[in-house]
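Here the structure is laid out as C-alpha coordinates; the discussion comes afterwards.
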Amino acid sequence: MTAALALGDDALVLSHRLGEWAGHAPVLEEEVALANIALDLLGQARVLLSLAGDEDELAYLREERAFRNVQLVEQPNGDFAHTIARQLYFSTYQELLYERLARGTGPFAPLAAKAVKEVAYHRDHAEHWTLRLGDGTDESHERMRRGLDALWRFTGELFEPVEGCDVEWDTLHDAWLTRITSVLERATLTVPEGPRRGGWAAGAGRQGLHTEPFGRMLAEMQHLHRSHPGATW
Amino acid sequence: MVTPRPPATPRPPASGTTLTPLEEELLRLAGSVPDPELPMVSLAELGVMRGLRLLGPGRVEVELTPTYTGCPALESMATDIERVLHDHGVPEVAVRTVLSPPWTTDAISAEGRRKLAESGIAPPAPREAAAGGPVPVALAVRCPHCGSTETELLSRFSSTACKALRRCAACGEPFDHFKEL
(Lines give C-alpha, C1' and ligand atoms only; values in the text may rest on other atoms or scores of the structure.)
Protein backbone atom coordinates (compact mmCIF):
# COMPACT_ATOMS: atom_id res chain seq x y z
CA MET A 1 0.00 0.00 0.00
CA THR A 2 1.93 2.98 -1.34
CA ALA A 3 0.18 5.71 0.62
CA ALA A 4 0.54 3.95 3.98
CA LEU A 5 4.26 3.62 3.32
CA ALA A 6 4.60 7.25 2.22
CA LEU A 7 2.81 8.71 5.25
CA GLY A 8 4.24 6.12 7.64
CA ASP A 9 7.81 6.70 6.47
CA ASP A 10 7.40 10.49 6.81
CA ALA A 11 6.39 10.01 10.44
CA LEU A 12 9.02 7.35 11.20
CA VAL A 13 11.97 9.20 9.69
CA LEU A 14 11.10 12.57 11.24
CA SER A 15 10.57 10.83 14.56
CA HIS A 16 14.07 9.41 14.39
CA ARG A 17 15.61 12.74 13.44
CA LEU A 18 13.88 14.49 16.36
CA GLY A 19 15.01 11.71 18.67
CA GLU A 20 18.61 12.60 17.78
CA TRP A 21 18.13 15.80 19.81
CA ALA A 22 17.96 13.77 23.02
CA GLY A 23 20.92 14.90 25.10
CA HIS A 24 21.71 17.80 22.75
CA ALA A 25 18.80 20.26 22.92
CA PRO A 26 19.58 23.84 23.99
CA VAL A 27 17.34 23.70 27.07
CA LEU A 28 15.72 20.89 29.03
CA GLU A 29 12.17 21.91 28.11
CA GLU A 30 13.02 21.60 24.41
CA GLU A 31 14.69 18.27 24.95
CA VAL A 32 11.41 17.03 26.40
CA ALA A 33 9.27 18.77 23.77
CA LEU A 34 11.17 17.37 20.79
CA ALA A 35 11.15 13.87 22.30
CA ASN A 36 7.39 14.12 22.87
CA ILE A 37 6.81 15.20 19.28
CA ALA A 38 9.02 12.31 18.15
CA LEU A 39 6.93 9.94 20.25
CA ASP A 40 3.67 11.16 18.71
CA LEU A 41 5.14 10.63 15.25
CA LEU A 42 6.40 7.17 16.16
CA GLY A 43 2.90 6.21 17.29
CA GLN A 44 1.48 7.43 13.98
CA ALA A 45 4.18 5.56 12.06
CA ARG A 46 3.35 2.30 13.85
CA VAL A 47 -0.34 2.51 12.89
CA LEU A 48 0.40 3.54 9.29
CA LEU A 49 3.13 0.96 8.67
CA SER A 50 0.93 -1.74 10.19
CA LEU A 51 -1.58 -0.98 7.44
CA ALA A 52 1.15 -1.80 4.92
CA GLY A 53 2.69 -4.88 6.57
CA ASP A 54 4.79 -5.83 9.58
CA GLU A 55 5.85 -2.60 11.29
CA ASP A 56 9.20 -3.91 12.56
CA GLU A 57 10.22 -5.46 9.26
CA LEU A 58 9.26 -2.31 7.40
CA ALA A 59 11.12 -0.03 9.79
CA TYR A 60 14.25 -2.07 10.38
CA LEU A 61 14.81 -4.32 7.40
CA ARG A 62 14.13 -2.20 4.33
CA GLU A 63 16.92 -0.73 2.26
CA GLU A 64 17.18 2.97 1.61
CA ARG A 65 15.57 2.81 -1.83
CA ALA A 66 12.44 1.15 -0.42
CA PHE A 67 11.61 4.12 1.84
CA ARG A 68 8.94 6.48 0.50
CA ASN A 69 9.31 9.48 2.80
CA VAL A 70 9.76 12.98 1.43
CA GLN A 71 13.33 14.22 1.48
CA LEU A 72 12.45 17.08 3.83
CA VAL A 73 12.05 14.82 6.87
CA GLU A 74 15.38 13.02 6.37
CA GLN A 75 17.41 16.25 6.37
CA PRO A 76 19.88 16.41 9.27
CA ASN A 77 18.90 18.45 12.31
CA GLY A 78 21.42 21.26 11.84
CA ASP A 79 21.16 23.89 14.55
CA PHE A 80 17.97 24.39 16.58
CA ALA A 81 16.61 26.99 14.13
CA HIS A 82 17.17 24.57 11.24
CA THR A 83 15.15 21.91 13.06
CA ILE A 84 12.40 24.44 13.80
CA ALA A 85 12.26 25.41 10.11
CA ARG A 86 11.85 21.73 9.21
CA GLN A 87 9.16 21.38 11.89
CA LEU A 88 7.31 24.46 10.65
CA TYR A 89 7.26 23.30 7.02
CA PHE A 90 6.36 19.72 7.84
CA SER A 91 3.88 20.06 10.72
CA THR A 92 1.92 22.72 8.83
CA TYR A 93 1.71 20.33 5.88
CA GLN A 94 0.89 17.30 8.03
CA GLU A 95 -1.90 19.06 9.92
CA LEU A 96 -3.56 20.21 6.68
CA LEU A 97 -3.17 16.74 5.15
CA TYR A 98 -4.57 14.92 8.19
CA GLU A 99 -7.50 17.37 8.41
CA ARG A 100 -8.44 16.40 4.89
CA LEU A 101 -7.88 12.67 5.36
CA ALA A 102 -9.93 12.75 8.59
CA ARG A 103 -12.92 14.10 6.67
CA GLY A 104 -12.75 11.25 4.14
CA THR A 105 -13.80 7.64 4.40
CA GLY A 106 -10.51 6.06 3.39
CA PRO A 107 -8.32 3.72 5.43
CA PHE A 108 -6.43 6.65 7.00
CA ALA A 109 -9.47 8.50 8.36
CA PRO A 110 -9.41 7.03 11.92
CA LEU A 111 -5.67 7.66 12.37
CA ALA A 112 -5.85 11.10 10.78
CA ALA A 113 -8.78 12.16 12.99
CA LYS A 114 -6.79 11.20 16.06
CA ALA A 115 -3.35 12.40 14.97
CA VAL A 116 -4.46 15.78 13.65
CA LYS A 117 -5.04 16.91 17.23
CA GLU A 118 -1.51 15.90 18.18
CA VAL A 119 -0.01 17.57 15.12
CA ALA A 120 -1.86 20.80 15.96
CA TYR A 121 0.38 21.01 19.04
CA HIS A 122 3.50 20.28 16.94
CA ARG A 123 2.60 23.10 14.56
CA ASP A 124 1.85 25.42 17.46
CA HIS A 125 5.26 24.62 18.94
CA ALA A 126 7.02 25.28 15.62
CA GLU A 127 5.17 28.58 15.07
CA HIS A 128 5.96 29.75 18.57
CA TRP A 129 9.67 29.15 18.06
CA THR A 130 9.67 30.65 14.56
CA LEU A 131 8.22 33.86 16.03
CA ARG A 132 10.62 33.84 18.94
CA LEU A 133 13.72 33.22 16.83
CA GLY A 134 12.70 35.34 13.85
CA ASP A 135 11.68 38.32 15.98
CA GLY A 136 14.50 37.78 18.48
CA THR A 137 18.14 38.80 18.28
CA ASP A 138 20.08 39.45 15.07
CA GLU A 139 21.76 36.10 15.55
CA SER A 140 18.53 34.11 16.08
CA HIS A 141 16.87 35.92 13.15
CA GLU A 142 19.78 35.10 10.87
CA ARG A 143 19.84 31.45 11.91
CA MET A 144 16.09 31.08 11.41
CA ARG A 145 16.38 32.69 7.96
CA ARG A 146 19.21 30.35 7.03
CA GLY A 147 17.22 27.27 8.10
CA LEU A 148 14.12 28.34 6.18
CA ASP A 149 16.17 29.12 3.05
CA ALA A 150 18.16 25.89 3.15
CA LEU A 151 15.08 23.67 3.41
CA TRP A 152 12.86 25.61 1.02
CA ARG A 153 13.82 23.53 -2.02
CA PHE A 154 12.52 20.39 -0.28
CA THR A 155 9.01 21.78 0.22
CA GLY A 156 7.74 21.32 -3.35
CA GLU A 157 7.78 17.56 -2.93
CA LEU A 158 5.23 17.71 -0.10
CA PHE A 159 2.50 18.47 -2.62
CA GLU A 160 3.20 15.80 -5.17
CA PRO A 161 0.05 13.67 -5.18
CA VAL A 162 0.30 10.41 -3.24
CA GLU A 163 -1.66 7.62 -4.84
CA GLY A 164 -4.34 6.41 -2.45
CA CYS A 165 -4.82 9.74 -0.67
CA ASP A 166 -8.04 11.38 -1.75
CA VAL A 167 -6.85 14.94 -1.35
CA GLU A 168 -6.89 18.05 -3.54
CA TRP A 169 -3.17 18.72 -3.56
CA ASP A 170 -3.33 22.15 -5.17
CA THR A 171 -5.63 23.59 -2.53
CA LEU A 172 -3.57 21.85 0.15
CA HIS A 173 -0.53 23.66 -1.20
CA ASP A 174 -2.30 27.02 -1.29
CA ALA A 175 -3.48 26.63 2.30
CA TRP A 176 0.05 25.68 3.36
CA LEU A 177 1.63 28.67 1.64
CA THR A 178 -0.91 31.05 3.17
CA ARG A 179 -0.17 29.80 6.67
CA ILE A 180 3.60 29.78 6.22
CA THR A 181 3.53 33.29 4.75
CA SER A 182 1.47 34.58 7.66
CA VAL A 183 3.77 33.06 10.30
CA LEU A 184 6.94 34.27 8.60
CA GLU A 185 5.57 37.80 8.23
CA ARG A 186 4.71 37.93 11.93
CA ALA A 187 8.21 36.63 12.66
CA THR A 188 9.73 39.51 10.61
CA LEU A 189 11.02 36.93 8.12
CA THR A 190 10.31 36.60 4.43
CA VAL A 191 9.17 33.62 2.42
CA PRO A 192 12.24 32.19 0.65
CA GLU A 193 12.39 32.73 -3.09
CA GLY A 194 14.37 29.77 -4.37
CA PRO A 195 12.97 27.13 -6.71
CA ARG A 196 10.77 24.33 -5.34
CA ARG A 197 10.07 22.42 -8.53
CA GLY A 198 11.90 21.54 -11.71
CA GLY A 199 15.56 20.83 -12.30
CA TRP A 200 16.92 22.81 -9.36
CA ALA A 201 14.38 21.63 -6.85
CA ALA A 202 14.98 18.62 -4.67
CA GLY A 203 12.52 15.89 -3.93
CA ALA A 204 12.17 12.35 -5.20
CA GLY A 205 11.81 10.63 -1.86
CA ARG A 206 8.37 9.33 -2.76
CA GLN A 207 10.08 7.44 -5.61
CA GLY A 208 12.71 6.01 -3.26
CA LEU A 209 15.50 8.42 -4.16
CA HIS A 210 17.02 9.94 -1.05
CA THR A 211 19.68 12.44 -0.10
CA GLU A 212 23.08 11.33 1.06
CA PRO A 213 22.58 11.80 4.84
CA PHE A 214 19.61 9.41 4.85
CA GLY A 215 21.75 6.31 4.38
CA ARG A 216 23.79 7.13 7.48
CA MET A 217 20.63 7.81 9.47
CA LEU A 218 19.17 4.44 8.45
CA ALA A 219 22.40 2.62 9.30
CA GLU A 220 22.15 3.94 12.83
CA MET A 221 18.40 3.40 13.13
CA GLN A 222 18.55 -0.19 11.88
CA HIS A 223 21.85 -1.21 13.43
CA LEU A 224 20.52 -2.83 16.61
CA HIS A 225 17.72 -4.78 14.97
CA ARG A 226 19.96 -6.05 12.19
CA SER A 227 22.80 -7.00 14.56
CA HIS A 228 20.52 -8.67 17.11
CA PRO A 229 17.35 -9.83 15.34
CA GLY A 230 14.40 -10.04 17.72
CA ALA A 231 16.27 -8.33 20.57
CA THR A 232 14.08 -7.21 23.45
CA TRP A 233 14.64 -5.58 26.81
CA MET B 1 5.16 -4.34 20.14
CA VAL B 2 2.47 -6.68 21.38
CA THR B 3 -0.58 -4.47 21.11
CA PRO B 4 -2.77 -5.55 18.21
CA ARG B 5 -3.33 -2.90 15.60
CA PRO B 6 -6.74 -2.00 14.26
CA PRO B 7 -7.73 -4.15 11.30
CA ALA B 8 -8.12 -2.47 7.92
CA THR B 9 -11.83 -3.20 7.82
CA PRO B 10 -13.60 -1.95 10.93
CA ARG B 11 -15.55 -4.44 12.98
CA PRO B 12 -18.70 -3.50 14.85
CA PRO B 13 -17.52 -2.03 18.14
CA ALA B 14 -17.99 -3.95 21.36
CA SER B 15 -19.17 -0.70 22.86
CA GLY B 16 -22.73 0.24 22.14
CA THR B 17 -24.02 -3.28 22.53
CA THR B 18 -25.87 -4.26 25.68
CA LEU B 19 -23.61 -5.86 28.24
CA THR B 20 -24.58 -8.98 30.20
CA PRO B 21 -24.17 -8.76 34.00
CA LEU B 22 -20.95 -10.80 33.75
CA GLU B 23 -19.56 -8.51 31.06
CA GLU B 24 -20.46 -5.49 33.17
CA GLU B 25 -18.63 -6.96 36.14
CA LEU B 26 -15.53 -7.75 34.03
CA LEU B 27 -15.59 -4.29 32.48
CA ARG B 28 -15.74 -2.76 35.95
CA LEU B 29 -12.72 -4.86 36.99
CA ALA B 30 -10.73 -3.97 33.87
CA GLY B 31 -11.66 -0.30 34.24
CA SER B 32 -10.44 -0.23 37.83
CA VAL B 33 -6.85 -0.76 36.68
CA PRO B 34 -4.80 2.38 37.49
CA ASP B 35 -3.23 4.32 34.65
CA PRO B 36 0.49 3.39 34.60
CA GLU B 37 1.68 7.00 34.31
CA LEU B 38 -1.10 8.72 36.27
CA PRO B 39 -1.81 6.07 38.90
CA MET B 40 -4.20 8.36 40.78
CA VAL B 41 -6.83 7.78 38.07
CA SER B 42 -8.27 4.52 36.82
CA LEU B 43 -8.60 3.57 33.16
CA ALA B 44 -12.38 4.01 33.47
CA GLU B 45 -11.95 7.51 34.90
CA LEU B 46 -9.48 8.35 32.14
CA GLY B 47 -12.14 7.30 29.63
CA VAL B 48 -9.99 4.90 27.61
CA MET B 49 -12.15 1.77 28.10
CA ARG B 50 -14.23 1.35 24.97
CA GLY B 51 -15.94 -1.96 25.63
CA LEU B 52 -15.75 -5.59 26.62
CA ARG B 53 -17.22 -8.65 25.01
CA LEU B 54 -17.47 -12.24 26.16
CA LEU B 55 -16.53 -14.27 23.08
CA GLY B 56 -17.07 -17.68 24.70
CA PRO B 57 -16.49 -19.45 27.98
CA GLY B 58 -13.33 -17.95 29.47
CA ARG B 59 -12.67 -15.80 26.41
CA VAL B 60 -12.91 -12.03 26.59
CA GLU B 61 -12.08 -9.21 24.22
CA VAL B 62 -11.42 -5.75 25.64
CA GLU B 63 -11.36 -2.57 23.57
CA LEU B 64 -8.98 0.15 24.64
CA THR B 65 -8.34 3.53 23.02
CA PRO B 66 -5.02 5.39 23.38
CA THR B 67 -4.92 8.95 24.71
CA TYR B 68 -2.14 9.79 22.24
CA THR B 69 -1.31 7.59 19.23
CA GLY B 70 2.20 7.01 20.51
CA CYS B 71 1.27 6.62 24.17
CA PRO B 72 3.91 4.23 25.55
CA ALA B 73 1.64 3.30 28.49
CA LEU B 74 -0.73 1.43 26.19
CA GLU B 75 1.15 -1.85 26.36
CA SER B 76 1.37 -1.88 30.11
CA MET B 77 -2.35 -0.96 30.33
CA ALA B 78 -3.09 -4.02 28.21
CA THR B 79 -0.84 -6.22 30.37
CA ASP B 80 -2.48 -4.94 33.57
CA ILE B 81 -5.98 -5.57 32.21
CA GLU B 82 -5.00 -9.09 31.20
CA ARG B 83 -3.59 -9.78 34.65
CA VAL B 84 -6.67 -8.50 36.48
CA LEU B 85 -9.03 -10.55 34.33
CA HIS B 86 -6.78 -13.64 34.62
CA ASP B 87 -6.96 -13.25 38.38
CA HIS B 88 -10.74 -13.26 38.14
CA GLY B 89 -10.91 -16.51 36.27
CA VAL B 90 -10.78 -15.42 32.63
CA PRO B 91 -7.97 -17.45 31.05
CA GLU B 92 -8.10 -15.88 27.58
CA VAL B 93 -7.98 -12.09 27.33
CA ALA B 94 -7.41 -10.18 24.09
CA VAL B 95 -6.94 -6.41 24.33
CA ARG B 96 -7.65 -4.62 21.09
CA THR B 97 -6.70 -1.01 20.31
CA VAL B 98 -9.35 1.15 18.68
CA LEU B 99 -8.69 4.65 17.33
CA SER B 100 -12.14 5.70 16.23
CA PRO B 101 -13.80 7.79 17.51
CA PRO B 102 -10.66 9.50 18.77
CA TRP B 103 -10.22 9.91 22.51
CA THR B 104 -10.60 13.43 23.82
CA THR B 105 -9.91 14.94 27.23
CA ASP B 106 -13.68 15.35 27.57
CA ALA B 107 -13.75 11.59 28.20
CA ILE B 108 -12.04 12.09 31.58
CA SER B 109 -14.73 11.78 34.26
CA ALA B 110 -15.48 14.43 36.87
CA GLU B 111 -13.98 12.14 39.51
CA GLY B 112 -10.87 11.70 37.33
CA ARG B 113 -10.47 15.48 37.03
CA ARG B 114 -10.84 15.91 40.77
CA LYS B 115 -8.13 13.31 41.42
CA LEU B 116 -5.77 14.91 38.90
CA ALA B 117 -6.14 18.32 40.54
CA GLU B 118 -5.69 16.77 43.96
CA SER B 119 -2.37 15.30 42.79
CA GLY B 120 -1.10 18.65 41.53
CA ILE B 121 -2.01 18.24 37.83
CA ALA B 122 -4.31 20.91 36.43
CA PRO B 123 -7.13 19.04 34.66
CA PRO B 124 -8.04 19.88 31.05
CA ALA B 125 -10.76 22.41 30.36
CA PRO B 126 -13.88 21.14 28.61
CA ARG B 127 -13.16 21.36 24.89
CA GLU B 128 -16.44 22.96 23.84
CA ALA B 129 -15.51 25.95 26.02
CA ALA B 130 -12.12 26.19 24.35
CA ALA B 131 -12.18 28.73 21.56
CA GLY B 132 -10.02 28.33 18.49
CA GLY B 133 -9.96 24.59 17.86
CA PRO B 134 -7.65 21.98 19.25
CA VAL B 135 -5.03 24.32 20.68
CA PRO B 136 -6.83 26.54 23.15
CA VAL B 137 -4.57 29.29 24.38
CA ALA B 138 -7.01 31.88 25.65
CA LEU B 139 -8.28 30.02 28.71
CA ALA B 140 -6.75 30.63 32.09
CA VAL B 141 -5.38 27.51 33.75
CA ARG B 142 -5.85 27.38 37.50
CA CYS B 143 -2.88 26.51 39.70
CA PRO B 144 -3.64 23.17 41.39
CA HIS B 145 -1.63 24.22 44.45
CA CYS B 146 -3.00 27.65 45.37
CA GLY B 147 -5.95 28.10 43.01
CA SER B 148 -4.66 31.24 41.32
CA THR B 149 -5.45 31.74 37.64
CA GLU B 150 -2.28 33.82 37.21
CA THR B 151 -0.28 31.05 35.57
CA GLU B 152 2.05 31.04 32.58
CA LEU B 153 3.06 28.44 30.02
CA LEU B 154 6.67 27.27 30.31
CA SER B 155 6.60 24.51 27.71
CA ARG B 156 3.94 22.95 25.50
CA PHE B 157 5.29 19.49 26.25
CA SER B 158 6.07 18.23 29.71
CA SER B 159 6.82 14.91 31.43
CA THR B 160 4.48 13.16 28.98
CA ALA B 161 3.05 14.20 25.61
CA CYS B 162 -0.38 14.73 27.19
CA LYS B 163 0.82 17.41 29.60
CA ALA B 164 2.17 20.97 29.34
CA LEU B 165 4.45 22.59 31.91
CA ARG B 166 3.21 25.78 33.58
CA ARG B 167 4.24 28.00 36.48
CA CYS B 168 2.06 29.86 38.93
CA ALA B 169 2.83 33.57 39.30
CA ALA B 170 1.12 33.70 42.70
CA CYS B 171 2.79 30.83 44.56
CA GLY B 172 5.74 30.31 42.22
CA GLU B 173 5.24 26.55 41.91
CA PRO B 174 5.65 24.83 38.55
CA PHE B 175 2.93 22.31 37.69
CA ASP B 176 1.76 19.99 34.94
CA HIS B 177 -1.38 20.78 32.98
CA PHE B 178 -3.26 18.00 31.22
CA LYS B 179 -3.62 19.57 27.75
CA GLU B 180 -6.97 19.72 26.03
CA LEU B 181 -7.09 17.21 23.18
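Worth saying up front: this structure is predicted, and the values here are computed from it rather than measured. Proteins come first, then strands; the chains are lettered A, B, ... in the order of their sequence lines, and each starts at number 1.
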If I measure from the heavy atoms of chain A, does B/Pro66 come under 4.5 Å with its side chain, its backbone, both, or neither?
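Contact with chain A involves both backbone and side-chain atoms of B/Pro66.
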
Could you look at B/Thr65 and say if it's the side chain, the backbone, both or neither that has a heavy atom under 4.5 Å from chain A?
neither

What part of A/Leu42 gets within 4.5 angstrom of chain B, counting heavy atoms only: side chain, backbone, both, or neither?
neither

So, using side-chain contact (heavy atoms from CB on, under 4.5 Å) as the criterion, who are the partners of B/Ser158 when residues are at least two apart?
B/Lys163, B/Leu165, B/Asp176

Who in residues 19-31 of chain A is close to chain B, using a strict under-4.5 Å heavy-atom cut-off?
A/Glu29

Please check if the side chain of A/Lys114 supplies one atom and the backbone of B/Thr67 the other of a donor-acceptor pair under 3.5 Å.
yes

Is a side-chain N or O of A/Lys117 found less than 3.5 angstrom from the main chain of B/Pro102, in a donor-acceptor match?
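Such a contact is absent between A/Lys117 side chain and B/Pro102 backbone.
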
For a quick test of reading the model, state the closest non-hydrogen atom pair linking A/His125 to B/Arg156 and the distance between them.
CA-CD, 3.8 Å

What's the shortest heavy-atom distance between A/Asn36 and B/Ala161, and which atoms?
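Nearest pair, atom of A/Asn36 first, then B/Ala161: OD1-N, 2.9 Å.
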
Could you label the plane-to-plane angle of the A/His122 and B/Phe157 rings as parallel, tilted or perpendicular, counting under 30° as parallel and over 60° as perpendicular?
tilted

With the side chain counted from C-beta on, respond yes when [X] and [Y] share a heavy-atom pair under 4.5 Å apart, and no when they do not.
X        : Y        : value
A/Val32  : B/Ser155 : no
A/Leu111 : B/Thr69  : yes
B/Leu181 : A/Tyr121 : yes

